[in-house]
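Everything on this sheet refers to the single structure shown next.
Ligands are counted one by one from 1 in listed order, and the atoms in each one are counted from 1 as well. Everything quoted here is computed from the prediction, not taken from an experiment.
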Amino acid sequence: MNDNPAQKIRLIMELRRQGISNTDVLSAVERVPRDVFVPPTFRDRAYENIALPIASGQTISQPYIVAYMTQLLNLDKRRKVLEIGTGSGYQTAILARLSRRVYSIERYRNLLETAEKAFEELKITNITARVGDGYKGWPEQAPFDRILVTAAAEEVPQALIDQLAPDGIMVLPVGRDSTSQHILRITRDEAGNLSEEVLLPVRFVPMVQGVAE
Ligand code: SAH
């Protein structure tokens with residue numbers, strides 16, 4: 001591990017300056033060692049506020065984006081969360097600290113296996129992850145109180161809307177290409193009505209149909 005405390009404190013201060021005010025989110029970022037989720041060659045940069053490459057041409061998201069999306073979810077320990085795009089597993093580990101259980105789907109088996117090793121190393125036990133196509137969600141475990149998608153679809157996947165519980169929140173990047181993507185927050189009220197907010201412009205890797213070969 002390269003759990004550099006000085007770099008980490010600098011990162012937390014930067015997140016605060018950027019508008020992350022939820023203390024539970026900040027303390028989750030402080031406690032989850034991002035270096036464990038970063039490939040060895042980039043480990044000395046794990047606490048910089050930047051996205052980094054992981055295997056299979058994917059990326060571990062920028063800490064600010066992870067914190068921003070997590071804050072939008074308004075989590076607490078009673079919530080059951082679905083995450084699409086496990087990737088490195090870093091965002092998954094942050095969600096796991098702030099919710100009851102996280103179900104996470106990744107289309108690359110190798111990424112999933114590496115992420116699961118990190119969960120084991122950190123003794124995180126409230127994550128259930130599997131290989132699959134996130135466009136289909138996880139119907140056997142639905143409904144979910146919160147849904148977070150970490151790859152950009154062109155439109156909001158209908159299966160995910162169908163699997164969002166009343167009083168639920170879904171946060172996801174949506175947009176045709178990397179110049180027009182935005183973070184959306186979709187809220188379902190207790191009566192089942194949906195509302196949508198278009199928030200931050202972002203650049204995510206695309207959400208791709210089907211499981212990777
Ligand atoms: N939260 C991750 C982000 C990884 S990048 C992290 O910070 O490490 C987005 C991930 O979504 C990639 O690993 C990609 O393989 C995955 N992905 C893309 N389309 C998907 C789909 N249809 N189903 C499941 N995962 C998908």
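- Given atom 7 (O) of ligand 1, the protein heavy atom at minimum distance is Ser61 N, 3.0 Å.
- For ligand 1, the polar-atom distance check finds no N/O of Gln209 at less than 3.5 Å from any of the ligand's N/O atoms.
- Tyr47 approaches Arg34 most closely through the heavy-atom pair OH-N, 3.0 Å.
- Nearest heavy-atom pair across Ala46 and Leu52 is CA-CD1, 4.4 Å.
- Residue Leu111 has at least one heavy-atom neighbour below 4.0 Å for each of these atoms of ligand 1: 13 (O).
- In this structure, the protein non-hydrogen atom closest to atom 11 (O) of ligand 1 is Gly85 CA, 3.2 Å.
- Heavy atoms of Pro206 found under 4.0 angstrom from ligand 1 belong exclusively to the backbone.
- Remark: Arg109 CZ is loosely packed, at most 12 non-hydrogen atoms of other residues, nucleotides or ligands lying under 6.0 Å away.
- What sits closest to atom 20 (C) of ligand 1 on the protein, heavy atoms only, is Arg107 CD, 3.3 Å.
- With respect to atom 5 (S) of ligand 1, the closest heavy atom belonging to the protein is Thr59 O, 3.2 Å.
- Looking from atom 14 (C) of ligand 1 to the surrounding protein, the closest heavy atom is Gln58 OE1, 3.3 Å.
- Short contacts between ligand 1 and Ala151, defined as distances under 4.0 Å to a heavy atom of the residue, involve ligand atoms 11 (O), 18 (C).
- At least one heavy atom of Thr86 sits less than 4.0 Å from an atom of ligand 1.
- For the residue pair Gln91 and Thr70, a side-chain donor N or O sits within less than 3.5 Å of a side-chain acceptor on the partner.
- If you number the atoms of ligand 1 from 1 as listed, the ones under 4.0 Å from a heavy atom of Met207 come out as 18 (C), 19 (N), 22 (N).
- Heavy-atom contacts from other residues, nucleotides or ligands closer than 6.0 Å to CZ of Arg130 number more than 12.
- Ligand 1 has at least one atom lying under 4.0 Å from a heavy atom of Gly132.
- Here is the list of ligand 1 atoms found below 4.0 Å of a heavy atom in Ile105: 24 (C), 25 (N).
- Of the protein's heavy atoms, Thr150 O, 3.3 Å lies nearest to atom 9 (C) of ligand 1.
- The nearest pair of heavy atoms linking Phe119 to Gly89 is CE2-O, 3.4 Å.
- If you look at Val205 next to ligand 1, the close heavy atoms, those under 4.0 Å, all belong to the side chain.
- Under a 4.0 Å criterion applied to the non-hydrogen atoms of Ile60, ligand 1 contributes the atoms 6 (C), 7 (O), 8 (O).
- Side-chain contact between Thr128 and Arg101 is present, with heavy atoms from C-beta onward closer than 4.5 Å.
- Residue-to-ligand polar distances place Glu106 within reach of ligand 1: an N/O pair is separated by less than 3.5 Å.
- For ligand 1, the polar-atom distance check against Gly134 finds a nitrogen or oxygen pair separated by under 3.5 Å.
- Residue Tyr90 does not touch ligand 1, judged by heavy-atom distances below 4.0 Å.
- Between Trp138 and Tyr103, the ring planes lie perpendicular to each other; the angle is over 60°, past the 30° to 60° tilted range.
- Between Asp35 and Arg43, the shortest heavy-atom contact is O-NE, 3.0 Å.
- By the 4.5 Å heavy-atom criterion applied to side chains, Val171 and Tyr68 are not counted as neighbours.
- Remark: ligand 1 atoms within the under-4.0 Å shell around heavy atoms of Tyr108 are 15 (O).
- Listed here is the closest heavy atom pair of Val81 and Phe144: C-CD2, 3.9 Å.
- Close contacts between ligand 1 and Gln91 involve ligand atoms 1 (N) [criterion: under 4.0 Å to a heavy atom].
- Atom 8 (O) of ligand 1 has Ser88 OG, 2.6 Å as its closest protein atom, hydrogens excluded (heavy atom only).
- Inter-residue side-chain proximity for Leu200 and Tyr64 is flagged as met; some heavy-atom pair is nearer than 4.5 Å.
- Residue Val208 places at least one N or O, backbone or side chain, under 3.5 Å from an N or O of ligand 1.
- Residues Thr86 and Leu111 have side chains not in contact (no heavy-atom distance under 4.5 Å, counting atoms from C-beta outward).
- Taking a 6.0 Å sphere around CD of Gln158, one finds it holds more than 12 heavy atoms contributed by other residues, nucleotides or ligands.
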